[in-house]
Chemist: 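Dropping the structure in here first, questions after.
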Protein chains: 2
Amino acid sequence: MTRTDEILSAAERLLAAHGPQGLTMRQLALEIGVKAPSLYKHFPDKAAIEAALQERALRGQSEALAHATPGLAGLASAYRAWALRNPHLYGLLSRQHLHRDRLPPGVEDAAAAPLLRETGGDIDRARALWGLAHGLVELELAGRFPEGTDIEAAWRAGLEGFQRPRREGFRT
Amino acid sequence: MTRTDEILSAAERLLAAHGPQGLTMRQLALEIGVKAPSLYKHFPDKAAIEAALQERALRGQSEALAHATPGLAGLASAYRAWALRNPHLYGLLSRQHLHRDRLPPGVEDAAAAPLLRETGGDIDRARALWGLAHGLVELELAGRFPEGTDIEAAWRAGLEGFQRPRREGFRT
DNA sequence: GTCTATACCCGGATAGAC
DNA sequence: GTCTATCCGGGTATAGAC
């Protein structure tokens, strides 16, 4: 494992454990047993580290979705599970600015592909499905649902609208 | 206008103009022509100011939804419009911790009422609708949709699934 | 590529005089 | 209820020796 990877792994650990506020150059250096200024020999600035973390997150999410149980319910379940298991990594993708310019091309599309596939290539429905999943996850992570809420029931209710066939008489 | 209200209005202005990072006790004091320590004569700490702002935000959102054009499309449009017009206020409700303990009872439910009404009292579908709206708004605000995306089409596609009747043969 | 030392700026919050 | 002065902590980042 190169030092660069070591830094990123430590950053991931730090983010997971203490959230975005806990990811500082000082703490990061402390975590890998080095002094803060040394980090700048490996990354030009903090934004570069965040960008690298976003790339990792997108890849992880892609893989989780790609290996989901086939079908709408399976995909949704995989989406939610990954987000709940990596709440701060998920937040890094949605709550922080996405450093598109520092991202290798294709990673973003790769994460979206499973959703697009599920809607049969309908881009509008894919985006709506993304919105539904993203919204429910964010509300859950933010603790906006009251204690004891049946969140799975909300998912089922929302996914009902995405069952085929949508337009009557149309069949694939 | 009391000094307390003056502080909150200035805080709202600051938040709208420069985002959460721009809302600091120093800037807030500067905005109303006073020194920072004076603010603590009106609010115990910064969290109290944020809580008051959240209450204002919830009330504003409630009113916007209550005055929406009747029907699913009208409600959705009002939800989106309010969020786009008050992006940082919206973010204060979803991206920051909701200070429920400092919130007057009822304000949170009041904001949710129009959605629940739209789904005919079905709480699960109301939450799903909330998730859809919240997710699409967050994705739009975060700039996650590519340039030129037809966001309204995504909304239409998502709302399709919420058209009645949902369960076949059932009618109100 | 690591270190020490440090610059620089910012944050929230308090003490005590008036 | 306002002020001045200040505490204390924290952040990103750089210079220059080794």
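Below, read A as the first sequence line, B as the second, and so on, with proteins coming before strands; counting in each chain starts at 1. Worth knowing before you read on, the calculation uses all heavy atoms, side chains too, and leaves out hydrogens, waters and symmetry mates.
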Chemist: Quickly work out the B:His42 NE2 to D:dT2 C1' distance and round it to whole Å.
Modeler: 9 Å

Chemist: For A:Leu39 and D:dT14, give me the distance from atom CG to atom C1', rounded to whole Å.
Modeler: 14 Å

Chemist: Could you tell me whether B:Glu63 and B:Arg59 make a salt bridge, using a distance below 4.0 angstrom between a side-chain N and a carboxylate O?
Modeler: no

Chemist: Please determine if B:Arg125 and B:Glu118 form a salt bridge, counting it only when a charged side-chain N lies under 4.0 Å from a carboxylate O.
Modeler: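 Salt bridge absent between B:Arg125 and B:Glu118.
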
Chemist: Rounding to an integer number of Å, can you tell me how far B:Glu6 CD sits from D:dT2 P?
Modeler: 9 Å

Chemist: Taking the side chain of A:Tyr40 as its heavy atoms from C-beta onward, which of C:dA13, D:dT2, D:dA13 lies nearest to it?
Modeler: D:dA13

Chemist: Could you give the CG-to-C1' distance, from B:Asp45 to C:dG11, as a whole number of Å?
Modeler: 14 Å

Chemist: Assess, by modelled atom type and distance only, whether the side chains of A:Ser94 and A:Glu138 contain a donor and an acceptor separated by less than 3.5 Å.
Modeler: yes

Chemist: Where the side chain of B:Ser38 is concerned, which of C:dT2, D:dT14, D:dC3 is the nearest nucleotide?
Modeler: D:dC3

Chemist: Less than 4.0 Å between a side-chain N and a carboxylate O, is that true for B:Arg100 and B:Asp109?
Modeler: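 Between B:Arg100 and B:Asp109 there is no salt bridge, as every charged N stays at least 4.0 Å from the carboxylate O atoms.
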
Chemist: Starting at the 5' end of DNA chain C, which residue's closest nucleotide do you reach first, A:Ala36 or B:Lys46?
Modeler: A:Ala36

Chemist: For C:dG11, does the base pair up with any side-chain atom of B:Arg26 as donor and acceptor (N or O, under 3.5 Å, distance only)?
Modeler: yes

Chemist: Salt bridge or not for B:Glu50 and B:Arg102, using N-O below 4.0 Å?
Modeler: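 A salt bridge is absent here (no side-chain N lies under 4.0 Å from a carboxylate O).
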
Chemist: So if I take every side-chain heavy atom of A:Lys35 and compare against C:dT4, C:dT14, D:dC3, which nucleotide ends up nearest?
Modeler: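 Nearest to the side chain of A:Lys35 among the choices is C:dT4.
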
Chemist: Go through D:dA13, C:dG12, C:dT2 for me and flag the one nearest to the A:Lys41 side chain.
Modeler: C:dT2

Chemist: Considering heavy-atom distances to DNA chain D, does B:Pro37 or A:Thr24 have its closest nucleotide positioned more toward the 5' end?
Modeler: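 The residue closer to the strand's 5' end, by nearest nucleotide, is B:Pro37.
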
Chemist: Return the value, rounded to whole Å, for the distance between atom CG of B:Leu28 and atom C1' of C:dA13.
Modeler: 14 Å

Chemist: Could you give the CG-to-P distance, from B:Leu30 to D:dC3, as a whole number of Å?
Modeler: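 So the two atoms are 11 Å apart, to the nearest Å.
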
Chemist: Using the closest heavy atom to pick a nucleotide of DNA chain D for each, name whichever of A:Leu23 or B:Gly33 lands nearer the 5' end.
Modeler: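 It is B:Gly33 whose nearest nucleotide is closer to the 5' end.
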
Chemist: Between atom CE in B:Met25 and atom P in D:dG9, what is the gap in whole Å?
Modeler: 20 Å

Chemist: Measure from NE2 on A:His18 to C1' on D:dG10 and round the result to the nearest Å.
Modeler: 16 Å

